[in-house]
Protein chains: 4
Amino acid sequence: MDTTLMIRPALITVGLLAAASAFAQDSADAARDPKKTEVWTPVPAVVATPPGKAPSDAIVLFDGKDVSAWESEQGGRVPWKVAGGAMTVVPGSKGIRTRQRFCDVQLHVEWRTPTDTKGFDGQNRGNSGIFLQELYELQVLDSYNNPTYANGQAGSIYKQAMPRVNASRAPGQWQAYDIIWKAPRFSVGGGLVSPARITVLHNGVLVQDDTVLAGKTEYIGAPSYSPHACAPLYLQEHDSRISYRNIWVREL
Amino acid sequence: MDTTLMIRPALITVGLLAAASAFAQDSADAARDPKKTEVWTPVPAVVATPPGKAPSDAIVLFDGKDVSAWESEQGGRVPWKVAGGAMTVVPGSKGIRTRQRFCDVQLHVEWRTPTDTKGFDGQNRGNSGIFLQELYELQVLDSYNNPTYANGQAGSIYKQAMPRVNASRAPGQWQAYDIIWKAPRFSVGGGLVSPARITVLHNGVLVQDDTVLAGKTEYIGAPSYSPHACAPLYLQEHDSRISYRNIWVREL
Amino acid sequence: MDTTLMIRPALITVGLLAAASAFAQDSADAARDPKKTEVWTPVPAVVATPPGKAPSDAIVLFDGKDVSAWESEQGGRVPWKVAGGAMTVVPGSKGIRTRQRFCDVQLHVEWRTPTDTKGFDGQNRGNSGIFLQELYELQVLDSYNNPTYANGQAGSIYKQAMPRVNASRAPGQWQAYDIIWKAPRFSVGGGLVSPARITVLHNGVLVQDDTVLAGKTEYIGAPSYSPHACAPLYLQEHDSRISYRNIWVREL
Amino acid sequence: MDTTLMIRPALITVGLLAAASAFAQDSADAARDPKKTEVWTPVPAVVATPPGKAPSDAIVLFDGKDVSAWESEQGGRVPWKVAGGAMTVVPGSKGIRTRQRFCDVQLHVEWRTPTDTKGFDGQNRGNSGIFLQELYELQVLDSYNNPTYANGQAGSIYKQAMPRVNASRAPGQWQAYDIIWKAPRFSVGGGLVSPARITVLHNGVLVQDDTVLAGKTEYIGAPSYSPHACAPLYLQEHDSRISYRNIWVREL
């Protein structure tokens with residue numbers, strides 16, 4: 001065409017949502033009214049954001065003392081040590097998972113690798129992991145001057161996606177992950193509709209940028225998807241005295 | 001981590017959907033059973049597909065005779081000529097639109113440009129247009145040996161996206177568009193959530209490949225989005241005796 | 001803000017692409033000039049589209065006689081029968097693949113299932129398959145009054161995605177697939193960057209609508225991705241005398 | 001099909017990228033070797049992340065003292081006040097923009113609204129804005145107990161997308177935006193290929209979650225896209241004594 005629809009205002013407004021009527025261009029005057037594009041409702045909920053603490057609308061999973069949101073991966077009480085405002089993995093115990101199940105989330109986790117690094121290197125130094133929906137691992141590792149495979153270092157989606165950069169801090173320093181997780185979607189028939197996606201800031205630096213996951217984390221072989229529902233967050237026990245603190249989650 | 005989740009089957013199956021239990025790997029034997037990945041329901045509906053005709057589940061918008069699915073853009077009866085199994089634009093009349101409103105659709109349209117091309121060129125030769133949701137134009141034009149701007153020739157999203165190739169047939173020959181249309185989505189507040197997207201086969205050749213639209217079609221200036229609902233399909237009257245036949249639509 | 005950028009034209013035009021200068025709104029007059037949004041180059045290539053034949057820019061893989069674009073999956077000559085303008089699977093021979101490798105393609109394939117259906121049902125009746133990049137199967141099956149699992153019938157992405165509807169024609173009738181295939185992308189490290197996606201029209205009806213694939217086709221177990229390059233198209237031998245004709249492909 | 005590709009290993013490995021050979025399943029043994037899925041190169045660059053400071057690979061745009069990365073929107077020196085480790089808008093002066101141009105970025109900005117709120121409300125209280133590519137505004141506003149339209153409060157994409165929640169802190173407190181920005185892409189012809197997208201954490205809380213922009217920010221009327229290139233970051237002067245500090249950007 002080379003005559004525009006703009007000269008047929010009656011046509012354009014046909015079919016507009018009632019809720020969208022503020023956008024209708026009823027006249028030349030209206031089109032110049034800035035109020036037409038103001039949206040007043042819904043009013044976003046107010047969330048307090050005290051520095052260094054969980055936002056007021058978050059589910060606090062660990063505040064430094066209370067581990068009641070968690071259980072052993074075998075069921076039963078958390079087999080890790082809680083002291084000094086942190087919980088620390090007890091090597092040889094088991095991993096832990098939240099009692100609550102989650103799908104899409106914003107997740108904040110702080111973690112610290114042990115200063116006693118002597119005799120440990122590669123995957124043996126400061127190893128743990130944060131599993132979204134119990135199946136998809138964001139690696140926790142001491143990757144400060146500790147070479148290993150790139151898709152297995154801190155900030156990697158284990159054996160799927162290396163981090164964009166190595167933003168690791170030294171052993172003994174607290175580090176933070178800020179995670180935006182989109183759960184995979186499956187059809188009624190079990191087919192994949194959309195793969196899982198993850199964005200991660202490691203100590204404030206973007207290390208995973210809307211990364212597509214190829215399936216659940218596998219130590220051996222290619223990752224694949226099988227349909228599943230919302231599931232717990234899981235923290236791995238992997239023979240290292242990793243400490244965690246200030247863990248909170250917001251459902252998206 | 002470097003121990004795999006696969007050795008923790010109890011963990012993996014926690015949280016699986018009941019409907020997904022066919023996928024659970026209960027044992028090594030089960031993992032080797034091909035029946036585990038068969039999905040028997042729902043059973044896809046049967047659709048008859050007689051060659052050259054509308055599929056049995058389509059809404060037939062024009063079968064060569066009946067124009068009752070349409071009205072003038074001004075309301076009232078269709079001001080075009082119906083004869084010989086086609087409906088033909090009457091120059092100086094008005095465009096027509098469906099009485100029914102649509103959002104996401106598969107749309108099939110056949111069209112023919114006039115053989116009397118003498119004295120007409122560029123946008124003046126065989127011009128019409130198919131507007132999805134009355135706002136977004138897939139150009140109809142005689143683009144057979146008829147230069148014009150690329151984003152205004154047949155197969156273009158008018159003034160937004162030129163076709164990948166020029167698949168036009170000569171005047172007097174019937175041509176076909178097979179269209180997959182995804183309506184734009186808007187938030188409650190009127191913000192764009194996802195832009196409109198279109199895929200078009202022109203005479204069987206891919207000319208628009210999941211093209212993102214920047215907004216409604218504009219003759220002058222940049223396209224923009226304003227929130228709207230499902231809306232009629234619209235065929236443009238643009239001073240050319242374009243003919244249409246075999247128009248059908250399937251809601252997606 | 002509530003003063004608009006539109007009153008700072010100098011700002012807006014800073015950083016505009018030279019090629020985009022046609023869009024710059026230099027003045028109120030210019031903003032009303034429809035020529036500003038015309039794009040004349042590049043000129044889309046002209047493609048002839050004779051009804052029922054391959055477009056002039058397609059790679060013809062099978063025209064009814066010549067099988068030189070193909071080889072046995074074991075290497076060597078095509079072990080199928082070529083007669084009557086079709087090539088027909090010889091049960092007990094092997095599948096065939098193109099000598100050329102492809103990534104993103106538009107693919108047209110016509111196929112026909114045998115009329116001798118006596119004693120055959122489910123997956124045993126008229127079974128073959130079209131494998132994109134040798135790994136991802138679009139099922140070919142006689143699904144006319146022949147129940148099987150929905151994610152294994154004609155038009156399915158085998159064991160991943162059932163077709164939206166069953167658009168099958170009867171045995172002995174030619175059927176068509178029009179396919180738009182987007183190859184999966186992998187990072188240098190082998191991670192999945194974007195999964196494969198497929199759109200399929202079966203006899204003109206949309207049966208796969210930008211479907212996301214979870215990985216390569218598996219008869220047993222969950223599909224997964226391993227990184228790979230462009231690869232041949234592959235037609236399966238599966239004990240049924242399926243015939244093929246009019247196969248062409250356009251690289252996207 | 002119902003025989004799997006997995007029994008044709010020769011086929012599967014055909015076409016694999018040389019770089020992907022680590023993934024080839026040469027034998028049953030190899031398939032059980034976890035080393036096959038380790039990726040050692042490239043080695044992600046090391047980035048220091050001192051708490052509260054810019055990462056070592058960031059471009060520091062403002063460190064509390066040096067404004068040489070900026071200029072007035074009219075050209076020339078920055079017309080704002082630099083003192084106390086912050087730069088503060090001088091009402092009635094002009095906005096400022098970076099000398100450098102950016103496309104996709106991670107951007108960190110800290111800002112503070114004035115404590116003197118008496119007599120100011122709505123859009124008049126603590127108003128400024130951060131414009132990505134000079135065209136797309138992330139609103140800066142005192143939204144602490146200060147009602148205004150939701151798509152115009154702090155954390156909104158001005159007049160396009162309200163924030164998910166109101167994460168505002170009180171006047172006089174420092175607040176932070178962590179932004180992931182994906183520039184829009186345009187075709188050679190000027191058509192939109194992919195719209196701009198933004199993710200924003202406000203004081204650590206997700207307020208924009210991969211939000212799609214409908215076009216450049218408009219005070220009046222619907223937003224639209226016109227093609228443009230990388231462009232400066234711009235901070236708005238809007239009659240309020242907003243302070244900024246600790247601004248850094250990383251190109252993605």
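Numbered from 1 within each chain, the chains take letters A, B, ... in sequence-line order.
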Subject >> Value rounded to 0.5 Å, distance of OG in D/Ser224 from CD in B/Glu218 >> reply: 8.5 Å
**OP:** Against chain D, label B/Ala161 side chain, backbone, both or neither, depending on which of its atoms sit under 4.5 Å from a heavy atom there.
**Re:** neither
Subject >> Shortest non-hydrogen separation from D/Pro195 to B/Pro195 and the atoms involved >> reply: CG-CG, 4.1 Å
Subject >> Enclosure of D/Tyr144 OH (heavy-atom neighbours >12, cutoff 6.0 Å) >> reply: no
Original post:
Just wondering, do B/Ser194 and D/Val212 contact through their side chains at under 4.5 Å, heavy atoms?
Top reply: no
Original post:
With a 4.5 angstrom heavy-atom cut-off, which part of B/Val193 approaches chain D: side chain, backbone, both or neither?
Top reply: backbone
**OP:** Under 4.5 Å heavy-atom distance to chain D, tell me which part of B/Leu213 shows up: side chain, backbone, both or neither.
**Re:** backbone
